[in-house]
J.: 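Before I ask anything, let me first share the structure, which is written out below as structure tokens.
Each chain gets a letter, A, B and so on, in the order the sequences are listed, and its residues count up from 1. Side chains are part of it too, since the values below use all heavy atoms of this structure and drop only hydrogens, waters and symmetry mates.
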Amino acid sequence: MAADNLPSEFDVIILGTGLTESVIAAACSRVGQRVLHLDRRNYYAGNWASFTFNGLLSWIEEYKAQQELPSTKSEQGWNDQIEDEEEVIFLSSVDSSISNLEVFSYASEDSEDDEQPKAPQMDKAAEETNSCHTEAQDTDSFDSCTQSDSDPHNPEGNEQTSKIQDTCQSEEDKKDQQPIRSPEQPLEVKKKITYAKLLKEGRRFNIDLVSKLLYSRGLLVDLLIKSNVSRYAEFKNVSCILTYHNGKVEQVPCSRADVFGSKQLTVVEKRMLMKFLTFCLDFEQHQEEFQDFTDMPFSEFLKRKNLTENLQHFILHSIAMVSQDAPTNTGLKATQHFLRCLGRYGNTPFLFPLYGLGEIPQCFCRMCAVFGGIYCLRHSVHCLVVDKESGKCKAVIDTHGQRISCSNFVVEDSYIRDEQRAQTTYKQISRAVVITDRSILPSESDQQVLLVTVPPLEPSSPAVRMVELSSSSMTCMPGTHLVHLTCSSSGSAHEDLAPVVSRLFHVPNSCKEECVQGSEENEKPEVLWVMYFNMRDTSGLDNSSYNLPSNVHVCTGPDDSLGSDYSINLAELVFHQLLPDEEFCPPAPNPEDIIYDGDQGEGTTFENDAHKEGAVIEGEDEPQENKEQVFSSEPVQDSMGQEIMTE
Amino acid sequence: MVSWNAANAHRKLCNQREQIPRLREGPNLSSRLHEPSGQTGCACSNTLSGVKPLYSIIVTMEDYDYLFKIVLIGNAGVGKTCLVRRFTQGLFPPGQGATIGVDFMIKTVEIKGVKVKLQIWDTAGQERFRSITQSYYRSANALILTYDITCEDSFRCLPEWLREIEQYANNQVVTILVGNKIDLAEKREVHRQRAEEFAEAQSMLYLETSAKESDNVEKLFLDLACVLIREAKQNTLDNNDSAPMPGEGKNINYLSCCNIN
């Protein structure tokens, strides 16, 4: 906390602490580069950050303040540091990557009834449950669908669906009893969560601006393991994949156990699905199966394979997670990737970092610092100093007017001014963050992490991806759930996502008096607080999109996909541009393997670290793989027959 | 020498425990990444009944009953790294710079027959410009908040550090305030009583040390280990599923060991 001056010379200066920049910082520092890593904000990870509830409110305030006065005040005092043969390139001092931010709070503003249970307050509770809904029509059909859709072939229903139906049944029975307590709710009285409570417990939230999951065999997980950065973080498995289908939320059968255990699928469907997934696992070996379809959309391919409508939905939207018009090859690759990630760590292909995704860039920053990287938040670069002759950036002037020389400069996109851009129109990502009072999937455990895919509600609307987090992921307070919705924008975040929010959740609104059929609304999780915003998606841009010196490398922001492969690929690419001959993130030594030289403090030697680490990971991975690898091609056909027979 | 109010500290722990969410998801998530499989608190609670500790140190042991993550914080230059190196290696490197490539240091100690592995994390220099990552605080069992008794400024920054702790550390974390550099008594700027009062007001433990003379350094870590063992033991008694706090997640390398659902 001392007001030190920064050193005046570095190999690499990195501006922005998002995932890509942080990985580059760690990689450079790890191989001995002198790294200065700066961020203008007072927190790490930029648009990848996670905030406590109160932190998020400050972030919102900052956004509003910036909208009001987007002034760029230029500081003087640096002119004398520029020589004749140099010119300057100014950086932007405002971040305009966030737009259309809207916040709605539905949690009670009362502070008195903070601790009061809901049930004894009959008046209040009745009022709540009676609150009407703009989409009463929809919700009616939602309910009837749930009823009519119960599969006649499987009267017991699978675990999840049966619960949903039970609930509906009991709703029917007790229609006039208010408030209704659904059977899976704990018997103790549910406490009402007020806004004051959200604020008071605000530090229990870690709300991500970017919502992504880690594919268990994706580039990020591989990198975390390879580099030993994984030691700084803890993870939780995504417990279940759901999809919004036929007006209700259904579980997607993705592992072999799921497929055979599924009561939604007919025996024929199970066989079909297993056969198709087995084919996808090594589809390259079976050219003949798909070569005629390479120019066609994957959705068409699925149709031609005579898969039922149910199966087409599951594969297209929840397994491949591609759009209707994605080419067959893309769909097959995505399906294969999904299947390969299954069973490495759990029942689904995904992991989620405890305390939120914002931890991950920080973990790489820690690695950078451990290898001597210097960190300074609340500190930015005012301009680049470019040598006229070579056209290269040789130094920067920081926001304190200090000149710092460097051989390479890495910068996040949002620090670049429009003058340096070839184009200023961007794709956008639509985001919603919802705090709800219960899980969308009623079950015994309310401590799950769920991925829900929501296909376009209207033909013109975007496919939405939803991640529901529970307090066990250390991202929200107990008694609440944190739901992230993400899609590629077609309109503003509110336009894109509000219809999905009101379809899947109960959004309390003003006309509390009129509506009577609150009962099925009561079924859905209630929205306590929701925020919508758009984030600029610069992932399509490359070097040619910027007019900058060749040793200035721009890191584009987060993309709209579920995994982080894009950002990791970019980090590796930039790293190899900077240091073509160096290894990207070799394993950091395990502290337990470091042998200290008895007399000398500095003299530390690393013993055989790379080998040892690798062995440990392999060893732990293999047995699991054998046990859980679900679609391992050979035995499936045989045992499938058996399993179906025994049903 | 030490204003170590163990009873007070214990009360603090008990109070905090009530606010901690309990994990109800099943036994698979209850084993923390550090704990060797099959060796959870349960096994130890039998052997550990009295709490009067007897210290002894074993140098290298691969097996242990408990592993605790201890995190050092405090202004740059107060001697955090020296404390760790004095304890783990018995060294006092004068005028040493940052230790490149060393993430944390490890020392296994035995306290009354219980083997405790201490994993001691240093700031990696990120405190210099007040840029410590939040993830640094996560899942720490104990925090050692250090200041320099010869530097008033390092003492005045303590409230800022406490705010960070409050914000990012698990609320069950044990915090101890350490005034380092008592070998430089003639240059003392922060009076002992002042520090004691401050620590008491914040319900922290307090200890003064000299990494250079090795005064109280061992005591610091061993006393901390005792408190952590007691806490872990208490947790085991409180809930039979012995879910260790904090952080019920897993290190990525260990995740594959567990059998999920």
Side-chain angles (χ1 to χ4, degrees), chain A residues 1-2 4 6 43-44 52 203 221 224-225 230-237 239 344-347 351 353-355 358-359 362-363 365-366 369-372 374-379 445 447-448 471-474 478 588-589 591-592 594 596 600-602 604 606 616-617 620-621 623-625, chain B residues 21 23-26 29 33 74-77 85 88-89 91 93-94 96-106 119 123-136 138-139 153-154 157 160-161 166-168 171 246-261:
Chain A
M1 297 200 177
D4 258 337
L6 289 168
Y43 52 87
Y44 273 98
T52 61
R203 66 176 287 278
V221 167
L224 284 167
I225 292 174
S230 64
R231 72 165 72 116
Y232 304 131
E234 294 176 288
F235 299 86
K236 208 174 152 60
N237 296 291
S239 7
R344 184 178 198 180
Y345 296 119
N347 258 346
L351 295 176
L354 288 192
Y355 304 100
E359 292 289 291
Q362 295 186 52
C363 293
C365 291
R366 160 93 192 172
V370 165
F371 284 91
I374 292 184
Y375 275 82
C376 199
L377 299 177
R378 302 165 295 271
H379 201 113
S445 165
Q447 293 300 308
Q448 310 207 54
S471 61
S472 69
S473 66
M474 312 304 254
E592 308 204 26
I594 297 172
Y596 296 92
Q600 268 178 306
E602 320 309 293
T604 58
F606 308 137
V616 170
I617 292 156
E620 278 164 358
D621 198 9
Q624 177 74 7
E625 217 166 6
Chain B
L23 191 73
R24 294 265 172 254
E25 224 186 329
L29 287 168
L33 72 114
N75 279 16
R85 301 196 69 169
T88 57
Q89 297 165 265
L91 297 175
Q96 63 137 63
T99 328
I100 298 296
V102 180
D103 229 337
F104 52 82
M105 298 207 179
I106 284 173
Q119 200 183 63
T123 51
Q126 286 184 322
E127 80 282 19
R128 192 162 151 206
F129 300 101
R130 296 199 48 219
S131 304
I132 292 196
T133 50
Q134 298 151 29
S135 56
Y136 178 65
R138 309 290 195 206
S139 72
D153 196 46
S154 72
C157 283
E160 270 180 76
W161 286 109
E166 158 83 12
Q167 192 80 344
Y168 305 122
N171 52 9
E248 52 272 35
K250 293 264 170 73
N251 180 293
I252 207 162
N253 295 342
Y254 288 74
L255 255 177
S256 52
C257 302
C258 70
N259 181 21
I260 289 104
N261 303 326

J.: Find out whether B/Asn171 and A/Arg203 are in side-chain contact, i.e. whether some heavy atom of one side chain is under 4.5 Å from a heavy atom of the other.
T.: yes
J.: Taking all heavy atoms of A/Val370 and all of B/Asp103, pick out the closest pair and write down the distance.
T.: CG2-OD1, 3.2 Å
J.: If I compare all heavy atoms of A/Arg378 with all of B/Phe129, which pair ends up nearest, and what's the gap?
T.: NH2-O, 3.2 Å
J.: Can you name the nearest heavy-atom pair linking A/Gln362 to B/Ser135, along with the distance?
T.: OE1-N, 3.3 Å
J.: Could you give the distance from CZ (B/Arg128) to CG (A/Leu6), rounded to the nearest 0.5 Å?
T.: 7.5 Å
J.: Tell me the closest heavy-atom pair linking B/Gly101 and A/Phe371, and the distance in Å.
T.: CA-CE2, 3.5 Å
J.: Which heavy atom in B/Ser131 sits nearest to a heavy atom in A/Cys376, and how many Å separate them?
T.: OG-CA, 3.5 Å
J.: Would the distance check show the side chain of B/Arg138 and the main-chain N or O of A/Leu354 forming a donor-acceptor pair, the cut-off being under 3.5 Å?
T.: no
J.: Please look at A/Ile374 and chain B and tell me whether the side chain, the backbone, both or neither of the residue comes under 4.5 angstrom of a heavy atom of that chain.
T.: side chain
J.: Which atoms of B/Ser154 come close to chain A, meaning under 4.5 Å heavy atom to heavy atom: side chain ones, backbone ones, both, or neither?
T.: neither
J.: How close do A/Tyr355 and B/Ser139 get, counting heavy atoms only, and between which atoms?
T.: OH-N, 4.1 Å
